[in-house]
Amino acid sequence: MSEQSSAATPQSNLAKVFASGAFAVTGELGPPKGADPEVIREKAKLLKGFVDAVNITDNQTAVVRMSSIAAAALSHQAGVEPIVQMTCRDRNRLAIEADLLGAWALGLRNLLCLSGDHQTFGNHKDSKNVWDIDSIQLVKMMEDMRSKGIFINGEELEGEPPDFFLGAVENPFADPLHYRPFRVAKKVRAGAKFLQTQCIYNMDKFKDFMSKLGDMGVLDDIHIMAGLSPLKGPGMAKYMRDMVPGMDVPDEVVERMTGAGQGIEDKAERSKAWRAEGIKYCIEQIQEVREIPGVRGVHVMAIEWEEAVKPIVEGAGLLPRPQAIGSAASA
Amino acid sequence: MIVAEQKPLEEIKGVLGDAENVLVAGCGTCVTVCLAGGEKEAQLMASALRIASRVDGTPIEATDVTVQRQCEWEYLEMIEAEVEKADLIVSLACGIGVQTFARHFPDKWVVPGLNTTFLGQPEEQGIWTEQCQACGNCMLAMTGGICPVARCSKQVQNGPCGGSEHGLCEVKRIRRVDGVPVMVKGRGGRMMPATEDVECAWHLIHDRLKEHNRLDLITGVQEPKDWTTSRDGGPRRIVREDLILMDEE
Ligand code: SF4
Ligand code: SF4
């Protein structure tokens, strides 16, 4: 595992949590469809102290929102360490490098590299996409910048190079299934140090995926974070099962959520029961993934449900977090 | 081959201005094969323009002519007489033909009658699919003869991405018939374009490499693509010294 370099520059809190051997917890903070910084501060309040870092999404599902880097800087000021998400959909290699130099200068330390959702999923369907490089090449580009101090064109950059703690994602449930662990190995080779997975509902398949990674010998080189998304009710479970590509939601999960609301007439009460079940199920999942060799943390995606993070993390016995925020915040 | 489809007649009528003598020029190569702009289509287009103009009450003369290839000077030279008589040309060639036409006859106004759509292959009778984007740096040797530039929705170089499911891409294509999106009732009763499934190019690549025992080709991290040979390097040009005719002085 590569060390974060210079002693003078504040390090990633998330990297320190991993280095300490603690089981890491990350969350998700979606920037607003507007320019109000208060939205970020409010969400940060709900997450502060309960996670080691939060993903700040980059025009998620191709819907335009406040820029990931700007929102990350606000989150950072609010005392919640951000993980800047960077997709390859909207920027070419020049723009990505420039923006990430800026992100580092603003004190942001974690970077998650993704290819990005296609613009046809979002609200700017007639836009033109970029995809000059892909997510794996993005990891490699930033690893070379970090370790060799060079841009993607081979030119040296001025001064201390950004030393982002580099992350990637993988969907253990996408096809061709058997190829997924190889793709993780590729990301490790490119320079990824942590990896968040797609939301897990099919635990058996996830265990298979992890054991293949173990067989391939890559688990010592990357911190795998199991992606978990608490369900708000059977509707959400069904939607994920039927509508979201690359998502594997077994029928038992839908049934379990349906069962939680059975016999409850009052709408509000039923919704409360569903949510309680969703939180309970998520806590059980955390306990289950903790037992899987190689899982070094969880990424809790409580989408537009930040309030759920505290009871989940608390219920899983993961509080208090090792350190609220590293030296990065006080810098 | 180059695949194209005809523009709606209304659109073509809209760019005729006050031309009285219109020449519809077909092309005998790619667009003949894809049944968009060959001799037959040129004849039909000319007669459609004549009839429409009469119905509209401003009759025009519309004739047609077809050459073997509109993208080469030699063929255009053969129709100088017909072009001379016309005050506007509707070219039913691909975009290359239209431009060659306009350059060869600088005094004439040339408008396109087709939308040049892609470099593709006839899949089955009446259906064509895109296969190549002429990136200028062919990587098919690595991908088993399946193009990730033209056929992967995200032009991923190290695929397949996490959206690949049952051999299909997460991106759906807007369903078009004769160039026009097919509209269906969506959620909430609003009309929206229907979509159809697209194969995941990387799933196809993966399966083909596996079959040939060549998955080793994609285990390494594929280097970023050099796009200077693509559109991104500006209009491209090929110079073949060995073929250039020397002045004999
Ligand atoms: S790699 Fe480039 S040249 Fe080769 S088929 Fe694809 S787009 Fe065409
Ligand atoms: S699903 Fe396949 S074709 Fe679609 S973007 Fe991903 S890799 Fe490309």
Side-chain angles (χ1 to χ4, degrees), chain A residues 61-62 87-89 92-93 96 114-121 125-126 129-141 143-144 152-153 168-180 182-192 196-198 216 227 243-248, chain B residues 133 135 139 148-150 152-175 181 186-187 192-193 195-211 215-228 230-233:
Chain A
T61 63
T87 71
C88 304
R89 176 195 55 232
N92 67 6
R93 54 191 92 177
I96 295 176
L114 310 104
S115 49
D117 294 316
H118 197 267
Q119 75 275 8
T120 50
F121 288 109
K125 294 188 199 301
D126 37 15
N129 58 47
V130 181
W131 283 304
D132 171 21
I133 53 175
D134 68 19
S135 59
I136 296 185
Q137 291 162 343
L138 171 56
V139 172
K140 174 83 169 20
M141 176 170 86
E143 170 61 22
D144 286 348
I152 195 169
N153 64 355
V169 297
E170 189 55 59
N171 180 0
F173 314 105
D175 288 317
L177 212 53
H178 93 98
Y179 187 65
R180 293 296 146 187
F182 291 96
R183 200 145 181 270
V184 173
K186 245 183 164 181
K187 294 191 176 190
V188 173
R189 229 169 296 138
Q196 296 172 336
T197 73
Q198 169 72 292
M216 290 171 67
M243 306 299 287
V244 184
M247 198 75 105
D248 186 333
Chain B
Q133 283 188 0
C135 75
M139 55 191 292
V149 179
C152 164
S153 304
K154 300 183 188 172
Q155 304 196 326
V156 171
Q157 307 284 302
N158 292 279
C161 82
S164 168
E165 198 174 40
H166 310 309
L168 300 176
C169 174
E170 62 179 356
V171 179
K172 308 283 171 240
R173 157 171 66 212
I174 290 181
R175 190 168 148 68
R187 278 204 286 178
M192 52 191 286
T195 56
E196 58 192 12
D197 287 333
V198 184
E199 284 176 308
C200 167
W202 273 100
H203 196 121
L204 296 173
I205 292 168
H206 167 273
D207 287 357
R208 186 161 156 82
L209 295 183
K210 198 170 167 215
E211 220 160 87
L215 276 175
D216 60 291
L217 285 170
I218 55 168
T219 43
V221 175
Q222 173 68 20
E223 288 296 317
K225 197 167 166 65
D226 173 0
W227 295 107
T228 53
S230 178
R231 180 192 56 78
D232 304 75

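Scope of the values below: all heavy atoms of this structure, side chains included, with no hydrogens, waters or symmetry mates. Order of the sequence lines sets the chain letters (A, B, ...), proteins ahead of strands, with each chain counted from 1.
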Heavy-atom contact with chain B under 4.5 Å, split by part of A/D175: both
Interface residue of largest heavy-atom contact number with chain A, from B/C200, B/G220, B/G163, B/C169, under 4.5 Å: B/G220
Shortest non-hydrogen separation from B/V156 to A/R183 and the atoms involved: CG1-NH2, 4.5 Å
A/K125 atom NZ, neighbour heavy-atom count above 12 within 6.0 Å: yes
B/P160 to A/R180 - nearest heavy-atom pair and separation: O-NH1, 3.0 Å
Straight-line distance of B/Q222 CD to A/I136 CD1, nearest 0.5 Å: 10.5 Å
Gap between atom CG of B/N158 and atom CG of A/L138 - 0.5 Å precision: 11.5 Å
Smallest separation among heavy atoms of B/W227 and A/W131, with atom names: CZ2-O, 4.2 Å
Whether over 12 other heavy atoms sit under 6.0 Å from A/F121 CZ: yes
Nearest heavy-atom neighbours spanning A/S115 and B/K154: OG-NZ, 3.7 Å
Step-by-step side chain to side chain contact (heavy atoms under 4.5 Å, CB included) determination, B/S153 to A/Q119: CA-CA 10 Å; B/S153 304; A/Q119 75 275 8; over 6 Å; no
Best-contacting candidate, A/M141, A/R93, A/Q198, against chain B by heavy atom pairs under 4.5 angstrom: A/R93
Residue, of A/R89, A/K186, A/H118, A/R189, that accumulates the most heavy atom pairs under 4.5 Å with chain B: A/K186
Nearest-0.5 Å distance, OG1 of residue A/T120 to CZ of residue B/R173: 12.0 Å
Criterion side chain to side chain contact (heavy atoms under 4.5 Å, CB included) on A/M247 and B/E165, from CA distance to verdict: CA-CA 9 Å; A/M247 198 75 105; B/E165 198 174 40; 5.8 Å; no
Minimum-distance pair of heavy atoms, taken over all atoms of B/G159 and A/Y179: O-CE2, 3.5 Å
Residue among A/V169, A/N171, A/D134 with most heavy-atom pairs under 4.5 Å to chain B: A/D134
Interchain contact, A/I152 with chain B, by part (heavy-atom threshold 4.5 Å): side chain
Heavy atoms of other groups near A/K140 NZ, more than 12 under 6.0 Å: no
Neighbour count above 12 (heavy atom, 6.0 Å) for B/M192 CE: no
Under 4.5 Å from a heavy atom of chain A, the part of B/L168 involved: neither
Nearest atoms (heavy-atom pairs only) where A/Q137 meets B/K225: NE2-N, 4.3 Å
Heavy atoms of other groups near B/Q133 CD, more than 12 under 6.0 Å: yes
Option in B/Q157, B/Q155, B/K172 with maximal non-hydrogen atom pairs under 4.5 Å from chain A: B/Q157
